[in-house]
Amino acid sequence: MKIIGKDNFDRESVADILVCENVANEYLGELMVDALNAASGEGGARFYSLRPDDYKLWRGMEEVV
């Protein structure tokens, strides 16, 4: 599993970021995601989530053009 950061405003032009990969298990991953989202606040630029290892990151403008 991996932790990614997505644009909190769902703009297509903003790429996803990889925060952490090879997360040991879902429980620890959810703990880390909850902590990251709490630290960034409700109006933060990123929303963090736990995804499977084969998840492909959105590349932002590279995908659009």
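Residue numbers start at 1 and run along the sequence shown.
When all heavy atoms are compared, the tightest approach of A45 to F9 is CA-CE1, 4.3 Å. Considering every non-hydrogen atom in both L36 and V19, the closest pair reads CD1-CG1, 4.1 Å. Shortest non-hydrogen contact noted between N37 and Y48 is OD1-N, 2.9 Å.
No side-chain heavy atom of V23 sits less than 4.5 Å from a side-chain heavy atom of K2. Between S49 and I4 the shortest side-chain heavy-atom distance falls below 4.5 Å. Taking the side chain as every heavy atom from C-beta outward, W58 and I17 never approach each other to under 4.5 Å. M1 places a side-chain heavy atom less than 4.5 Å from the side chain of E26. Taking 4.5 Å as the limit, some side-chain heavy atom of R46 sits within range of a side-chain heavy atom of V14.
Between the CG atom in N25 and the CG atom in L28 there is a gap of 4.0 Å [rounded to 0.5 Å]. To the nearest 0.5 Å, atom CG of residue D16 and atom CZ of residue R51 are 8.5 Å apart. Rounded to the nearest 0.5 Å, atoms CG (N22) and CD1 (I3) are 11.0 Å apart.
Counting only distance, with no hydrogens or angles, the side chain of N8 and the backbone of G44 share a donor-acceptor pair below 3.5 Å.
Other residues, nucleotides and ligands contribute only 12 or fewer heavy atoms inside 6.0 Å of the CG atom of D10.
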